[in-house]
Amino acid sequence: MTTESTVVALFVIATAVAVIAHRLRVPYTVALLLAGLGIGTLGLIEPPHLTRSLLFAFILPGLLFEAAFHLDLALLRRNWRIITALAAPGVVVAIGLTALICTFAFRALGLDPEFSMTMGLVFGGLIAATDPIAVVALFRSMHAPPRLTTLIEGESLLNDGTSIVFLTLILGYVAGTTTTATAIAAQLVVMVGGGILVGLAMGFGVSGVMKRIDDPMIEITLTVIAAYGSFVLAEQLHCSGVLATVVAGVICGGYGEQVAMSPATRTAVNAFWEYASFALNSLVFLMVGFTIPLRSLLASWPEIAIAYVAAIGGRAGVVAVVSVLFNRTGERIPGGWPLILTWGGLRGALSVMLALGLAPDFPHRAQLEAMTLGVVVVSLTLQGLTMRGVLRRALPESRA
């Protein structure tokens with residue numbers, strides 16, 4: 001198939017899957033993943049390769065910007081402490097817990113006595129980021145509390161950035177390029193602080209230009225520049241492109257939309273980014289399905305099972321600790337929500353790309369890749385397909 005034919009085929013498949021998923025009432029992204037797995041396994045078409053450069057240069061900035069642009073800023077301000085706790089120190093704790101569980105289980109069960117805590121930390125970093133796309137639409141259709149949706153989305157936007165930052169530090173430590181606490185701290189400050197500053201500059205800069213223009217097409221283009229320009233500029237400066245894009249999206253969606261856009265422009269910009277999100281998600285989840293070698297993963301099922309238990313255990317531990325810490329504050333997590341926050345922390349395309357991006361000669365690369373890909377498949381299918389029942393049980397007032 002030519003490239004043009006493949007692109008058309010992908011959108012035909014995505015449209016068909018969307019219709020079937022809607023009728024079967026299953027999360028759209030889960031259906032896309034399963035379709036990709038099936039088509040890739042059967043070899044029905046020649047699938048495009050989902051490369052790290054494709055994800056980071058084309059898909060990820062658009063998805064991050066759209067989600068940040070549509071965040072409820074009022075709810076975000078009221079819950080910023082708990083979101084930050086889950087997405088920053090929470091990510092570090094989750095990585096550590098996941099590494100501990102994996103290392104202990106592999107050695108205790110004799111699966112891999114050489115699997116070290118360092119390799120466990122690498123796996124924890126690969127799998128730390130959550131991907132709520134499969135469940136957020138479900139939350140809205142079942143009229144879940146808006147605050148719950150904000151917690152899931154806000155945490156995911158931030159932990160995408162923090163997980164990449166900490167994985168970079170871990171890989172630098174493994175490679176011997178960042179070995180001292182001072183060097184690690186300095187790199188952390190540059191990546192996080194620089195990414196935030198770039199996002200602020202791009203977001204306010206674009207918003208300032210839009211205040212002087214009243215043309216929906218030009219303003220849509222300016223938001224595209226904010227989304228991709230902030231990512232590229234931050235990466236060029238060796239900062240966090242993910243955090244830069246998230247901050248730019250929040251500024252454009254919160255400040256820029258209110259002070260710089262006419263009603264007609266708001267409608268046009270929102271419609272553009274909603275479609276962009278649909279198109280990008282369709283492509284990325286289909287290609288993730290194509291990328292995952294299902295047959296070879298079956299041979300690693302014991303390691304994948306332990307890895308999944310470790311990932312969900314680390315997530316549960318973080319949610320439990322944060323829930324207790326905020327129990328007596330205004331950001332208290334209501335009963336039933338910790339289960340939803342734990343089970344709703346699905347893993348997705350970012351983890352796949354981080355695993356595929358490991359150097360070919362990286363120690364235990366094949367095992368780490370199989371564990372990560374396997375956890376993504378189990379997480380999206382098991383948690384994604386059962387989330388409706390979990391939501392009904394934890395929130396009896398929600399409607400199917």
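Being a predicted model, the structure only gives us computed values, none of them experimental.
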Chi angles and distances behind the side-chain contact (heavy atoms from CB on, under 4.5 Å) call for Gln187, Thr168: CA-CA 9 Å; Gln187 189 174 357; Thr168 301; 3.7 Å; yes
To the nearest 0.5 Å, tell me how far [X] [atom1] sits from [Y] [atom2].
| X | Y | atom1 | atom2 | result |
| --- | --- | --- | --- | --- |
| Leu325 | Arg328 | CG | CZ | 12.0 Å |
| Glu274 | His70 | CD | NE2 | 5.0 Å |
| Ile340 | Leu391 | CD1 | CG | 5.0 Å |
| Phe278 | Leu283 | CZ | CG | 9.5 Å |
| Gln367 | Thr372 | CD | OG1 | 10.0 Å |
| Phe290 | Thr41 | CZ | OG1 | 10.5 Å |

Quick one, [X] and [Y] - any side-chain contact, counting heavy atoms below 4.5 Å?
| X | Y | value |
| --- | --- | --- |
| Ser323 | Trp337 | no |
| Leu121 | Phe166 | no |
| Asp112 | Glu303 | no |
| Leu167 | Ile164 | no |
| Leu34 | Phe285 | no |
| Thr245 | Ser230 | yes |
| Asn159 | Leu86 | no |
| Glu369 | Leu358 | no |

Of the options Leu37, Leu286, Leu380, Val284, which is the one that meets Leu32 in a side chain to side chain contact (heavy atoms under 4.5 Å, CB included)? Leu286
Check for a donor-acceptor pair, side chain of [X] on one end and backbone N or O of [Y] on the other, with a separation under 3.5 Å.
| X | Y | value |
| --- | --- | --- |
| Tyr228 | Ala57 | no |
| Arg388 | Pro27 | no |
| Ser156 | Ile152 | no |
| Glu66 | Ser277 | no |
| Arg78 | Leu73 | no |
| Glu219 | Asp215 | yes |
| Ser163 | Asp160 | yes |

Val376 vs Asp131, side-chain contact (heavy atoms from CB on, under 4.5 Å): CA-CA, chis, key distance, verdict: CA-CA 10 Å; Val376 169; Asp131 190 341; over 6 Å; no
Shared ILVMFWY cluster between [X] and [Y], side chains joined below 4.5 angstrom?
| X | Y | answer |
| --- | --- | --- |
| Leu55 | Leu356 | yes |
| Trp80 | Ile82 | no |
| Leu42 | Leu298 | no |

Listing request: all salt bridge (Lys or Arg N to Asp or Glu O under 4.0 Å) pairs with a residue in residues 277-296, at least two apart in sequence or in separate chains. none
All pairs passing salt bridge (Lys or Arg N to Asp or Glu O under 4.0 Å) where residues 244-258 contributes a residue, at least two apart: none
If you take all heavy atoms of [X] and [Y], which pair is closest and at what distance?
| X | Y | value |
| --- | --- | --- |
| Val17 | Ala31 | CG1-CB, 3.5 Å |
| Phe65 | Ala226 | CE1-CB, 4.0 Å |
| Gly336 | Ala394 | O-CB, 3.5 Å |
| Glu235 | Ser240 | OE2-C, 4.1 Å |
| Val246 | Ala68 | O-CB, 3.4 Å |
| Leu157 | Leu71 | CD1-CD1, 3.5 Å |

List the steps, then state whether side-chain contact (heavy atoms from CB on, under 4.5 Å) holds for Leu222 with Ile213. CA-CA 11 Å; Leu222 286 168; Ile213 297 171; 4.2 Å; yes
Check residues 197-212 and write down every donor-acceptor pair under 3.5 Å in which the side-chain atom is one partner and the other belongs to a residue at least two apart or another chain.
from, atom 1, to, atom 2, distance (Å)
Ser207, OG, Gly203, O, 2.8
Arg212, NH1, Gly208, O, 2.8

Intermediate values then yes/no, side-chain hydrogen bond (donor to acceptor under 3.5 Å, both in side chains), Asp72 and Thr150: CA-CA 7 Å; Asp72 187 326; Thr150 300; 5.4 Å; no
Classify the ring geometry between Tyr308 and Trp343 as parallel (under 30°), tilted (30 to 60°) or perpendicular (over 60°). perpendicular
Residues which pass salt bridge (charged side-chain N to carboxylate O under 4.0 Å, His left out) with Glu153, listed by chain and number, not counting sequence neighbours: Arg140
Got a sec, which residues hit salt bridge (charged side-chain N to carboxylate O under 4.0 Å, His left out) with Glu155, two or more places apart in sequence or on another chain? Arg315
What side-chain donor-acceptor pairs closer than 3.5 Å can you find for residues 88-109, not counting sequence neighbours?
from, atom 1, to, atom 2, distance (Å)
Thr98, OG1, Ala94, O, 2.7
Thr103, OG1, Ala99, O, 2.7
Arg107, NE, Phe115, O, 3.3

